[in-house]
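For reference, the structure discussed in these notes is given below.
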Amino acid sequence: QVQLVESGGGLVQAGGSLRLSCAASGRSFSSYAMGWFRQAPGKEREFVAAISWTGARTTYADFVKGRFTISRDNAKSTVYLQMNSLKPEDTAVYYCAAAKTRYSGSSRYEYDYWGQGTQVTVSS
């Protein structure tokens with residue numbers, strides 16, 4: 001079993017930056033692929049980024065390419081999402097997810113464990 005706890009959300013002006021963190025419990029973190037998803041009010045949860053078990057492979061949704069960076073520190077059992085050049089349309093609850101595989105993609109059904117989410121609000 002893996003428990004995920006997100007932090008780092010908040011209110012920021014358009015053009016600003018935030019860094020989300022997701023701390024994982026459990027001994028298997030370093031062998032799991034990790035992902036970030038988001039869900040805005042009235043919308044379905046959507047893929048943001050994913051990272052492989054070693055961090056060597058990353059995948060991004062088109063709408064965040066060049067602005068967001070996913071990374072991980074296996075020694076700290078933590079995955080990060082650095083978000084730059086934020087836009088009002090980035091406003092959402094951001095969720096961290098873990099997949100019991102070494103590589104994962106953009107489908108939410110690939111992920112086995114989910115955090116509770118952290119709110120990100122970008123004002124115009």
Side-chain angles (χ1 to χ4, degrees):
Q1 189 75 10
V2 173
Q3 291 187 323
L4 304 173
V5 179
E6 302 96 334
S7 62
L11 173 64
V12 64
Q13 289 189 329
S17 298
L18 282 174
R19 187 195 197 201
L20 305 183
S21 298
C22 172
S25 64
R27 293 177 291 179
S28 301
F29 175 82
S30 60
S31 63
Y32 289 173
M34 300 295 295
W36 285 97
F37 288 73
R38 70 185 188 185
Q39 188 166 16
K43 295 188 176 181
E44 294 201 353
R45 193 168 300 188
E46 62 181 355
F47 171 76
V48 175
I51 188 166
S52 63
W53 66 300
T54 63
R57 183 183 299 178
T58 58
T59 307
Y60 296 94
D62 287 344
F63 55 79
V64 301
K65 282 182 180 177
R67 299 191 298 127
F68 292 9
T69 303
I70 188 171
S71 62
R72 67 189 296 160
D73 185 339
N74 285 344
K76 296 182 178 180
S77 297
T78 302
V79 63
Y80 304 98
L81 186 68
Q82 178 66 44
M83 306 187 295
N84 299 328
S85 302
L86 283 161
K87 305 175 182 179
E89 51 263 44
D90 294 319
T91 295
V93 177
Y94 283 71
Y95 297 90
C96 170
K100 292 190 289 187
T101 57
R102 294 186 173 184
Y103 302 94
S104 62
S106 60
S107 171
R108 58 184 295 184
Y109 301 105
E110 298 181 58
Y111 296 84
D112 302 284
Y113 304 104
W114 293 84
Q116 293 300 305
T118 185
Q119 176 70 46
V120 171
T121 303
V122 184
S123 63
S124 58

Check: Asp112 side chain, Lys100 main-chain N or O, donor-acceptor pair, under 3.5 Å: yes

Taking Thr91 for its side chain and Val122 for its backbone only, find out whether a donor-acceptor pair lies under 3.5 Å. yes

Please tell me whether Trp114 and Phe37 form a close aromatic pair, meaning their ring centres lie under 6.0 Å apart. yes

Run Phe29 and Arg72 through side chain to side chain contact (heavy atoms under 4.5 Å, CB included) and show every step you take. CA-CA 10 Å; Phe29 175 82; Arg72 67 189 296 160; 3.4 Å; yes

Please tell me whether [X] and [Y] are part of a single hydrophobic cluster in this structure, the criterion being side-chain heavy atoms less than 4.5 Å apart.
X: Val5; Y: Val120; value: no
X: Trp53; Y: Tyr32; value: no
X: Leu18; Y: Phe63; value: yes
X: Tyr60; Y: Val48; value: yes

Derivation of the salt bridge (charged side-chain N to carboxylate O under 4.0 Å, His left out) call for Lys65 and Asp62: CA-CA 5 Å; Lys65 282 182 180 177; Asp62 287 344; 3.2 Å; yes

Rounded to the nearest 0.5 Å, what's the gap from [atom1] on [X] to [atom2] on [Y]? Could you check?
X: Thr69; Y: Tyr80; atom1: OG1; atom2: OH; answer: 14.0 Å
X: Gln13; Y: Ser123; atom1: CD; atom2: OG; answer: 5.0 Å
X: Arg67; Y: Gln82; atom1: CZ; atom2: CD; answer: 12.0 Å
X: Ser30; Y: Lys76; atom1: OG; atom2: NZ; answer: 16.0 Å

Would you say CD of Gln116 has more than 12 non-hydrogen atoms from neighbouring residues, nucleotides or ligands within 6.0 angstrom? no

Over 12 foreign heavy atoms within 6.0 Å of CD, Glu89: yes

Lys/Arg cation over aromatic Tyr103: Arg57, 6.0 Å, 45° cone: yes

Does Tyr95 have Arg108 sitting over its ring (NZ/CZ under 6.0 Å from centre, angle to axis within 45°)? no

Measure the shortest side-chain to side-chain distance between [X] and [Y] over non-hydrogen atoms and say whether it is less than 4.5 angstrom.
X: Ile51; Y: Trp36; answer: no
X: Arg38; Y: Asp90; answer: yes
X: Tyr113; Y: Gln1; answer: yes

Could you walk me through whether Leu20 and Met83 satisfy the side chain to side chain contact (heavy atoms under 4.5 Å, CB included) test, starting with their C-alpha distance in whole Å, then the side-chain angles of each, then the deciding distance to 0.1 Å, before giving a yes or no? CA-CA 8 Å; Leu20 305 183; Met83 306 187 295; 3.8 Å; yes

Distance alone, cut at 3.5 Å: any donor-acceptor contact between the side chains of Tyr111 and Ser104? yes

Would you please say whether a donor-acceptor pair under 3.5 Å links the side chains of Ser17 and Asn84? yes

Show your reasoning for whether side chain to side chain contact (heavy atoms under 4.5 Å, CB included) applies to Met34 and Cys96. CA-CA 7 Å; Met34 300 295 295; Cys96 170; 3.5 Å; yes

Tell me every residue that passes side chain to side chain contact (heavy atoms under 4.5 Å, CB included) with Ser124, counting only those two or more places apart in sequence or in another chain. Pro88

Search all heavy atoms of Ser71 against all heavy atoms of Val79 and return the closest pair with its distance. O-CG2, 3.1 Å

For Thr78 against Ser21, the heavy-atom pair lying closest together: CG2-CB, 4.3 Å

